[in-house]
Amino acid sequence: MSRHLLSLSAAASLLAGTAMAEVPRVAVDVAPVHALVARVMDGVGEPSLIVQQGASPHEYRLRPSEAQALQDADLVFWVGEGLTPWMEASIETLADDAEVTELLEVDGTVLLEFREGALFEAHAHGDEDHADGDDHDHEDHADGDDHEPEDHADEHGHDHDHGAYDPHAWLSPDNAATWLNVIAAQLSAADPENAGAYFTNAAAARADIATLSSEVSGILDPVRDGRFVVFHDAYQYFETAFDFPASGAISVSDASDPSPARIAEIQGRIADENIQCVLSEPQFNHGLVATVMDGADAKTSVLDPLGSDLEPGPDLYPLLLRNLASSLADCLS
């Protein structure tokens, strides 16, 4: 009798293991995208986060557990080479059998070109493109000349070797909503039995994002006349989505320090245009912010496009956008 019970128990365990194995193993590059994937997979499974919180995605060395997650993955979602230039080689080496989705290349994704110079103008947000499969080309929006993406350099000689487009595209709620559909479709193709759950979760998440966008606009409305400078040019998708433009950026990229000339430009704008707020980021050089603010009557606060201090998971994305809006509103109040 005990042997029979053991047999039934072993069979049940085997069946449970088989059922779990049918849920796709999913790897995701950064926490904001991981949050979107986790939201779609809610109640079915959990994706693995590759770039851990607090680390720069631009330069990252995989831990053994993260390399294993890529190697085991059935599906990989990543923003693209512009954000994690090292990851393409890792995917090719470790996840060559996985279904890979590069989100910046997804049809319907709104893309914004890098802004040139330290100072921004309100009209600069008009230069946008939509990834549409046919005429989405990272070379067509640079300067009209044929060249490789790595030739697109800023005024410091720092090459945007990942192309002409700003990769922080998750800060557009519209992009996030577009990606949720794609994530649900890819998961459903790999796991048809749970397709209903994936699409239901994606629809609920899109509705939440619509509500969130109204909430963020409400947070920003009282300070819309405020002027602010960001640490590096990572927020234009958020600025465009909520019609809340920055006046400039201390650094064009978090991968390079600004030149003395760029710092002087920013200091001049702070003095001339009554800039009220200068924003830093948790991972980077706070001394640069102090230098820029020297002698200025401006407040400072912290913005973080990755939500590095937040717990990874399905709730991170809405918290990230709320925190951005609240930090801006508090600094400009």
Shared hydrophobic cluster, Leu324 / Leu316 (ILVMFWY, side-chain heavy atoms < 4.5 Å):
yes

Open item on the list: Quick check: is Val40 connected to Phe199 through a chain of hydrophobic side chains (ILVMFWY, heavy atoms under 4.5 Å apart)?
Closed with: no

Taken in chain and number order and not counting sequence neighbours, the residues that satisfy salt bridge (charged side-chain N to carboxylate O under 4.0 Å, His left out) with Glu215 are Arg322

Flag side-chain contact, heavy atom, 4.5 Å: Leu279 against Ile250:
no

- Query: Side chains of Glu193 and Asp191: does their closest heavy-atom pair fall under 4.5 Å?
  - Reply: yes

In this structure, CG of Asp166 is separated from CD of Glu113 (nearest 0.5 Å) by 10.5 Å

Separation between CG (Asp330) and OG (Ser301), nearest 0.5 Å, reads 7.0 Å

Classify the side-chain pair Tyr317/Asp208 by whether it contains a donor and acceptor separated by less than 3.5 Å. no

Are Glu46 and Arg25 within salt-bridge range, i.e. N to O under 4.0 Å? no

Exercise for the section: Could you state whether Ile263 and Val278 fall into the same hydrophobic cluster, counting links through intermediate Ile, Leu, Val, Met, Phe, Trp or Tyr residues with side-chain heavy atoms under 4.5 angstrom apart? Expected result: yes

Here the gap from Ser327 atom OG to Asp304 atom CG, rounded to the nearest 0.5 Å, amounts to 9.0 Å

OG of Ser217 to CZ of Arg224, rounded to nearest 0.5 Å, is 5.5 Å

Whether the Gln53 and Ser308 side chains hold a donor-acceptor pair (N or O, under 3.5 Å, no angle test) is what I'd like checked. no

Rounding to 0.5 Å, atoms CG (Leu171) and CZ (Phe242) come to a distance of 9.5 Å

Q. Heavy atoms, side chains only, cut-off 4.5 Å: are Ser48 and Val26 in contact?
A. no

### Message
Does Glu239 form a salt bridge (Lys or Arg N to Asp or Glu O under 4.0 Å) with Arg115? I'd like the steps, not just the answer.
### Response
CA-CA 13 Å; Glu239 296 168 41; Arg115 295 180 283 199; 3.0 Å; yes

Check your understanding: Are Val23 and Leu49 linked, directly or through other ILVMFWY residues, by side chains that come within less than 4.5 angstrom of each other?
Key -> no

Notebook entry, point to check: For the hydrophobic clusters of this structure (ILVMFWY residues joined by side-chain heavy atoms under 4.5 Å, transitively), does one cluster hold both Val106 and Leu180?
Noted result: yes

Result for ring-ring contact (aromatic ring centres under 6.0 Å, His included) between Phe244 and one of Phe228, Tyr237, Tyr235 points to Phe228

Report task. Decide yes or no for Val33 and Leu103: does some side-chain heavy atom of the first lie under 4.5 Å from some side-chain heavy atom of the second? Result -> yes

Between the OG atom in Ser214 and the CD1 atom in Ile209, the distance rounded to the nearest 0.5 Å is 12.5 Å

Do Leu70 and Leu62 have side chains that approach each other closer than 4.5 Å (heavy atoms only, starting at C-beta)?
yes

Contacts satisfying ring pair (Phe, Tyr, Trp, His ring centres under 6.0 Å) that involve residues 74-108 (not counting sequence neighbours) are Tyr60-Trp86

